[in-house]
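Structure first, then comments.
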Amino acid sequence: MTEPSHLTAIRESYDTVAADYARLVKEPAELDPVSRAMLAAFAELAAPLGPVADLGCGPGKVTAHLAALGVPVFGVDVSPRMIELARAAYPELRFTVGSMTDLEIGTGELGGILAYYTTHHTPPQWLPTVFAEFHRTLAPGGRLMLAGHVGSGEHLRPTRAYGDHPVSYESHLLPPDRIAELLRQAGLVVMTRVVQESEGGVRRQYGTFLAYKPQ
């Protein structure tokens, strides 16, 4: 099967920027209080339910943060270079290369899924496939936390990022209502959503969704 072009672009771009991304992106302890509180809430909800997959884990910083909160977590990322960095930084944790569109995880195997600033690179027409994989791999009662950039449907095509390296991925900033509706269509129940405004000169919104798979 031919790989979707957006996955190739994401993999190649994040392989290119991986070292500077790991250097530049904040540690979870440095996040704003609301973001830290949402991660703590997800950890409390998901930890008792079984293994948790951090999908799009990058260099593993948030994976390790969840592990420190007592979550039985492992990381998955489409970028082999990101997985190399995660394994080197956190050798006690498990990290594998994989795609959210076709997870090598059994049906009903997960107690939780974290998708932290990852799905905005997915073209909107592919989100039903991604969210269907979330539903398939979660056990009944399993929890999902999805966080990322939201907007009014903007389609961004950056050419350079993270240390001024060339990138070819794209970003799709969907309205929060649209993301919540797509999660519902996938069979997930949205229990909480928080929309934050960015601080500083660039106006941008960030959305966090907590959902679960019904029993």
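Between the CD1 atom in Ile10 and the CG atom in Asp15 there is a gap of 12.0 Å [rounded to 0.5 Å]. Within the model, atoms OH of Tyr169 and CG of Leu156 stand 10.5 Å from one another, a figure rounded to the nearest 0.5 Å. In this structure, OH on Tyr212 lies 13.0 Å from CG on Leu183, to the nearest 0.5 angstrom. With rounding to the nearest 0.5 angstrom, the CG atom of Leu7 is 11.0 Å from the CD atom of Glu12. Distance check: Lys213 NZ to Ile113 CD1 gives 9.0 Å after rounding to the nearest 0.5 Å.
In this structure the side chain of Val150 never reaches within 4.5 angstrom of the side chain of Leu173, judged on heavy atoms. Contact annotation: the side chain of Thr101 never approaches that of Glu133 to less than 4.5 Å [non-hydrogen atoms, C-beta and beyond]. Between Pro128 and Leu182, some side-chain heavy-atom pair lies under the 4.5 Å cut-off. Taking 4.5 Å as the limit, some side-chain heavy atom of Arg193 sits within range of a side-chain heavy atom of Pro176. Looking only at side-chain heavy atoms (C-beta outward), Met38 and Thr192 come within less than 4.5 Å of each other. Using a 4.5 Å heavy-atom threshold, the side chains of Thr137 and Glu109 count as separate.
Each of Tyr90 and Leu85 belongs to its own hydrophobic cluster when Ile, Leu, Val, Met, Phe, Trp and Tyr are linked at side-chain heavy-atom distances under 4.5 angstrom. Val34 and Ile179 sit in two unconnected hydrophobic clusters of ILVMFWY residues. Membership requires side-chain heavy atoms under 4.5 Å apart, directly or through other members. Under the 4.5 Å side-chain heavy-atom criterion for grouping Ile, Leu, Val, Met, Phe, Trp and Tyr, Val78 is not connected to Tyr117 through any hydrophobic cluster. In the hydrophobic cluster analysis, where Ile, Leu, Val, Met, Phe, Trp and Tyr join through side-chain heavy atoms closer than 4.5 angstrom, Leu127 is grouped together with Val76. Leu138 and Val71 fall into different hydrophobic clusters, where Ile, Leu, Val, Met, Phe, Trp and Tyr side chains are chained together by heavy-atom contacts under 4.5 Å.
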Please determine whether side chain to side chain donor-acceptor pair (under 3.5 Å) holds for the pair Gln205 and Gln196, giving the CA-CA distance in whole Å, both sets of side-chain angles, and the decisive distance to 0.1 Å. CA-CA 6 Å; Gln205 290 184 317; Gln196 297 171 255; over 6 Å; no
Going through the checks in order, is the side chain to side chain contact (heavy atoms under 4.5 Å, CB included) test met by Leu39 and Leu114? CA-CA 9 Å; Leu39 281 170; Leu114 176 69; 4.2 Å; yes
Using the rule given for side chain to side chain donor-acceptor pair (under 3.5 Å), can you reason through Asp102 versus Ser99, listing the C-alpha separation, both sets of side-chain angles and the distance that settles it, and then say yes or no? CA-CA 6 Å; Asp102 187 17; Ser99 164; over 6 Å; no
Given ring pair (Phe, Tyr, Trp, His ring centres under 6.0 Å), test His65 with Tyr116 step by step and report yes or no. CA-CA 12 Å; His65 180 72; Tyr116 203 70; 9.3 Å; no
Glu84 and Val97: CA distance, side-chain angles, deciding distance, side chain to side chain contact (heavy atoms under 4.5 Å, CB included) verdict: CA-CA 9 Å; Glu84 288 177 8; Val97 176; over 6 Å; no
Determine, step by step, whether Phe134 and Met100 satisfy the side chain to side chain contact (heavy atoms under 4.5 Å, CB included) criterion, reporting the C-alpha distance in whole Å, the side-chain angles of both residues, the deciding distance to 0.1 Å, and the verdict. CA-CA 8 Å; Phe134 292 176; Met100 289 186 291; 4.1 Å; yes
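Residue Gly187 comes nearest to Pro214 through the heavy atom pair O-CD, 3.2 Å, listed as atom of the first residue, atom of the second, then distance. Closest non-hydrogen pair, Pro166 versus Arg160, comes out as CD-NH2, 3.7 Å. Nearest heavy atoms, Arg81 versus Ala18: CG-CB, 3.4 Å. Taking every heavy atom of both residues into account, Leu69 and Ala40 meet most closely at CD1-CA, 4.3 Å.
Annotation: cation-pi pair Arg94/Phe74 present, NZ/CZ under 6.0 Å from the ring centroid and within 45° of its normal.
Paired with Phe209 under the rule side chain to side chain contact (heavy atoms under 4.5 Å, CB included), one option of Val194, Leu146, Leu188 passes, and it is Leu146.
Atom CD of Glu154 sits in a crowded spot, with more than 12 heavy atoms from other residues, nucleotides or ligands closer than 6.0 Å. The 12-atom threshold is not exceeded at CD of Glu104, counting heavy atoms of other residues, nucleotides or ligands nearer than 6.0 Å.
Of the possible donor and acceptor atoms, one in the side chain of Arg136 sits under 3.5 Å from a partner among the backbone N and O of Ile105. No donor-acceptor pair under 3.5 Å is formed between the side chain of Arg143 and the backbone N or O of Gly112. Remark: side-chain polar atoms of Ser13 are paired, donor with acceptor, to backbone N or O of Ser168 under 3.5 angstrom. Without hydrogens or angle criteria, Arg87 side chain to Phe95 main chain gives a donor-acceptor distance under 3.5 Å.
Using cut-offs of 30° and 60° for the angle between ring planes, the His6 and Trp126 rings count as tilted. In this pair, Tyr14 and Tyr162 present their aromatic rings tilted. The plane angle is within the 30 to 60° band.
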For residues 45-64, run the donor-acceptor check on the side chains, cut-off 3.5 Å, and write out each pair with its distance to 0.1 Å, sequence neighbours left out.
from  : atom 1 : to    : atom 2 : distance (Å)
Asp54 : OD2    : Thr63 : N      : 3.3
Asp54 : OD2    : Thr63 : OG1    : 2.6
Lys61 : NZ     : Ala22 : O      : 2.6
Lys61 : NZ     : Val25 : O      : 2.6

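Glu181 and Arg178 are not joined by a salt bridge, as no carboxylate oxygen comes within less than 4.0 angstrom of a charged side-chain nitrogen.
The side-chain contact (heavy atoms from CB on, under 4.5 Å) test applied to His172 returns Pro123, Pro124, His155, Glu170, not counting sequence neighbours.
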